[in-house]
Amino acid sequence: MAAQESSSPKYRRIADALKRAIAEGEFRPGDRLPGENELMDRHGVARMTARQALGVLTSEGLAEARKGAGVFVRAFQPVRRRGVPRLAREQWGEGRSVWSADVPDRDLVVDEVTVDEEPAPETVAAQLGMAPGGAVIVRRRRFVLDGKPVLLSTSSLPAALVAGSAITQPDTGAGGTYARLAELGAGPARFREEVRSRMPAPEEATRLRLPAGTPVILISRTAMTADGRTVEVNEMILDSSAYVLEYDFDA
């Protein structure tokens, strides 16, 4: 192990030491970490090496840089996204938000909400079983938790199915979109999620206020009725440093 550590780049060894100090409680959430000058003096390294070490912590979501103030241990607690129970019928069917399974006691704000009728792109149309260009209702919104943007969501639903319902309004009411679909006789009976990761587009990084180097998680969810009809396609973009994805199910 010692040989492996000595062969690691200096900035990585410094970053690992800082991570151990955070894990052991030497630096608490909200505490300022040693700055570049202090790391240079303490470890006898160049400024670029010290900067790279701090950059590792910010890119991994353990710390955040505040302009003119330094680098601080991140105080934000990651969301534990409970992939199975959050979508259970007893959740939205009883008028609760799917988010209440993840963050029951935290401050959640949904902003940048838009609802429009648009022609379906080819990929979305194929998933919904429509001809390309068919009319869909597109719901876009941003989820902000404890003052931090964590997720961008774009839901597409067949316009012919949801026309005139609360799904076409910014506020869909208790239980959200899935409760309204159930009222229309098209309640989801099964969900499928595909999970990928990539670096964010500039606009995504801006809206999520991502530090440089932070990747995003892409979750594509389809909601299907008991007879297999797809009634929603939801494309989500998550700040990877803000989430723990939990999947708990029986063997």
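Basis for what follows: all heavy atoms, side chains included, without hydrogens, waters or symmetry-related copies. Count residues from 1 along the sequence.
For the residue pair P34 and L54, the shortest heavy atom distance occurs at O-CD2, 3.7 Å. A pairwise comparison of heavy atoms in A186 and V231 identifies O-CG2, 3.9 Å as the closest pair. Taking every heavy atom of both residues into account, L151 and L208 meet most closely at N-CD2, 3.5 Å.
If you check the side chains of R47 and N37, you find a donor sitting under 3.5 Å from an acceptor. With 3.5 Å as the limit, one finds a donor-acceptor pair spanning the side chains of R141 and S155. Remark: the N234 side chain and the S153 side chain contain an N/O donor-acceptor pair separated by less than 3.5 Å.
Within the 3.5 Å criterion, the main-chain N or O of Q169 finds a donor-acceptor partner in the side chain of R139. D31 contributes a side-chain N or O that, together with a main-chain N or O of R28, makes up a donor-acceptor pair within less than 3.5 Å. Judged by distance alone, with hydrogens and angles left aside, the side-chain atoms of R196 form no donor-acceptor pair with the main-chain N or O of S220 at under 3.5 Å.
Listed by chain and residue number, nothing satisfies the ring pair (Phe, Tyr, Trp, His ring centres under 6.0 Å) test with F27 (two or more places apart in sequence, or in another chain).
Salt bridge status for R74 with D146: absent, with no side-chain N to carboxylate O gap under 4.0 Å. R207 has a carboxylate O that lies under 4.0 Å from a charged side-chain N of E112, or vice versa, which qualifies the two as a salt bridge.
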Report the C-alpha distance between L218 and R198 in whole Å, list the side-chain angles of each, state the deciding distance to 0.1 Å, and finish with yes or no for side-chain contact (heavy atoms from CB on, under 4.5 Å).
CA-CA 8 Å; L218 309 179; R198 61 165 169 77; 3.4 Å; yes
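Among residue pairs with one or both ends in residues 155-168, none qualify as salt bridge (Lys or Arg N to Asp or Glu O under 4.0 Å); sequence neighbours excluded.
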